[in-house]
Amino acid sequence: MSAKADNNLRFAIETDEGVRIEYDLASPVRRMLAILVDLCCISALNSAITTLLMLFAIISSSTASALAIILQFVVTIGYGIVLEWSWQGQTVGKRLLRLRVMDMNGRKLVPEQVVLRNLLRVIDMMPGVYLFGGTVAFLNRNAQRLGDIAAGTVVIWHRERSMPALPTDDLVKYNSLHHYPHLEARLRQLLAPAEVDTLIHALHRRKQLAPSERIALFDQFANDLKHLCPFPIDAYENVSSEQYVRNCLDSITRQSRKMAARK
């Protein structure tokens, strides 16, 4: 895959099969607002730790002070690492501002990327209030701070909008995944909105691909989905990779379609 950005804070990924997927980049202002929310969360956690360590101060004030410094550093750095990994690239601030960290080439985030971008946050925060990181992000065409550049990540913004529609010729009459509603719910939870957009975009563009490219692309998508949320084999036995992707998207968007129909 290859990636590039334009002058309108748009970020595009082009797959090896020629499918172009565009995202909105998070502006430095939105990222700063998300950071302020996260700093409030971190401050609250550190305050709670300090309060608890006051009990240790009765025994040894120097030990309590040392523990407070160590734990505050761990919380400050670990906050982003734990949440971005468990929430698929989001923290509390990013979730409220509809932002998400993603790999520049559209691949799944790996622990090394999450750890690296958060460790370098210490430098991005210098000399204070993210002045260095904010300046780098403002000057960078992909709105990346130093941690993003080193980790090969970008932060995208999900516009407030309804779930994109599946192609009209992709309506699923029978979906064996519906027999496992608990797994469907888990799939909806695990698959990020940007990933859903990518799959739907690929379905819209599938007829523009050469047969071999089309098969390879949907084989990869299907394998990723099966690894992300394993369904019993009888849910997809004798089902092509492309049909399995359609079934997954049908399961993910079914709830939003029902809500839209009620309005």
Side-chain angles (χ1 to χ4, degrees), residues 1-6 8-27 30-31 34 84 87-90 94-109 113 142-144 148 152-172 175 177 184-209 213-214 216-229 241-260:
M1 293 186 178
S2 59
K4 63 179 179 178
D6 58 29
N8 298 315
L9 286 176
R10 295 281 292 174
F11 181 75
I13 294 174
E14 188 166 321
T15 69
D16 297 333
E17 294 77 15
V19 178
R20 181 183 171 87
I21 305 143
E22 293 189 351
Y23 303 96
D24 290 299
L25 283 170
S27 68
R30 284 185 176 275
R31 294 188 66 170
E84 286 182 1
W87 281 1
Q88 299 180 342
Q90 288 188 308
K94 289 185 178 68
R95 181 165 289 194
L96 290 175
L97 273 296
R98 302 195 303 277
L99 308 181
R100 185 182 300 275
V101 180
M102 67 174 288
D103 178 82
M104 282 197 68
N105 294 313
R107 302 186 181 93
K108 184 179 178 67
L109 282 177
Q113 289 176 297
N142 294 332
Q144 295 169 288
D148 289 312
T153 57
V154 292
V155 180
I156 60 171
W157 169 45
H158 296 295
R159 292 178 182 270
E160 189 172 5
R161 55 178 175 74
S162 58
M163 180 72 73
L166 288 170
T168 55
D169 58 342
D170 282 335
L171 298 179
V172 181
N175 187 346
L177 303 187
E184 286 185 309
R186 178 168 175 76
L187 182 62
R188 282 193 293 269
Q189 181 184 21
L190 291 175
L191 204 63
E195 294 170 315
V196 175
D197 286 353
T198 298
L199 295 175
I200 292 178
H201 189 79
L203 280 177
H204 279 288
R205 295 283 302 276
R206 72 195 188 285
K207 294 180 180 178
Q208 301 175 22
L209 303 175
E213 295 174 339
R214 179 171 172 176
L217 179 65
F218 284 98
D219 278 346
Q220 182 62 54
F221 284 152
N223 289 334
D224 290 343
L225 288 168
K226 291 172 184 177
H227 178 75
L228 178 68
C229 182
S241 294
E242 186 173 322
Q243 184 62 50
Y244 185 74
V245 172
R246 293 179 185 177
N247 287 350
C248 288
L249 288 172
D250 177 66
S251 295
I252 292 167
T253 61
R254 182 174 57 155
Q255 189 174 19
S256 62
R257 294 200 309 270
K258 285 183 177 180
M259 293 177 63

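In this structure, Leu25 and Val155 have side chains that are not in contact, with every pair of non-hydrogen atoms separated by 4.5 Å or more. A 4.5 Å side-chain heavy-atom check between Phe218 and Leu199 finds every atom pair outside the cut-off. You'll find the side chain of Phe221 reaches within 4.5 Å of the side chain of Thr198, heavy atoms only. Between Leu109 and Met102, the closest side-chain pair of non-hydrogen atoms is not below 4.5 Å. Contact of the Glu84 side chain with the Gln90 side chain is not registered, since no non-hydrogen atoms from C-beta on lie closer than 4.5 Å. Within the 4.5 Å cutoff, no side-chain heavy atoms of Arg95 are placed close to those of Arg100. Looking at Ile156 and Asp24, their side chains never come closer than 4.5 Å, going by heavy atoms from C-beta outward.
For the pair Leu191 and Leu228, the tightest heavy-atom approach, listed with the atom from each and the gap, is CD1-CD2, 3.6 Å. Tyr244 approaches Leu225 most closely through the heavy-atom pair CE2-CB, 4.0 Å. Taking every heavy atom of both residues into account, Ala202 and Leu217 meet most closely at CB-CD2, 4.2 Å. Smallest separation of non-hydrogen atoms from Leu177 and Ser251: CB-OG, 3.6 Å.
Residues meeting the side chain to side chain contact (heavy atoms under 4.5 Å, CB included) test with Asp219, sequence neighbours left out: Ile215, Ser241. Applying the salt bridge (charged side-chain N to carboxylate O under 4.0 Å, His left out) rule to Glu195 yields no partners; only residues at least two apart in sequence or on another chain are considered.
A donor-acceptor pair is defined here as one N or O able to donate and one able to accept, closer than 3.5 Å; such a pair exists between the side chain of Asn175 and the backbone of Asn247. Judged purely by atom type and a 3.5 angstrom limit, Arg246 has no side-chain atom pairing as donor or acceptor with the backbone of Gln243. Between the side chain of Arg31 and the main chain of Ala143, a donor-acceptor pair closer than 3.5 Å is present.
Leu203 contributes atom CG, which lies 9.0 Å from atom CZ of Arg214 (distance to the nearest 0.5 angstrom). The distance from the CZ atom of Arg98 to the CH2 atom of Trp157 is 6.5 Å, given to the nearest 0.5 Å. Atom SG of residue Cys229 and atom CD1 of residue Ile252 lie 9.0 Å apart, to the nearest 0.5 angstrom. Taken from CD in Gln113 to CE in Met104, the straight-line distance is 11.0 Å, to the nearest 0.5 Å.
For CZ of Arg186, the number of neighbouring non-hydrogen atoms (other residues, nucleotides, ligands) closer than 6.0 Å is 12 at most.
Checked by atom type, the side-chain pair Asp103/Thr153 shows no donor-acceptor distance below 3.5 Å.
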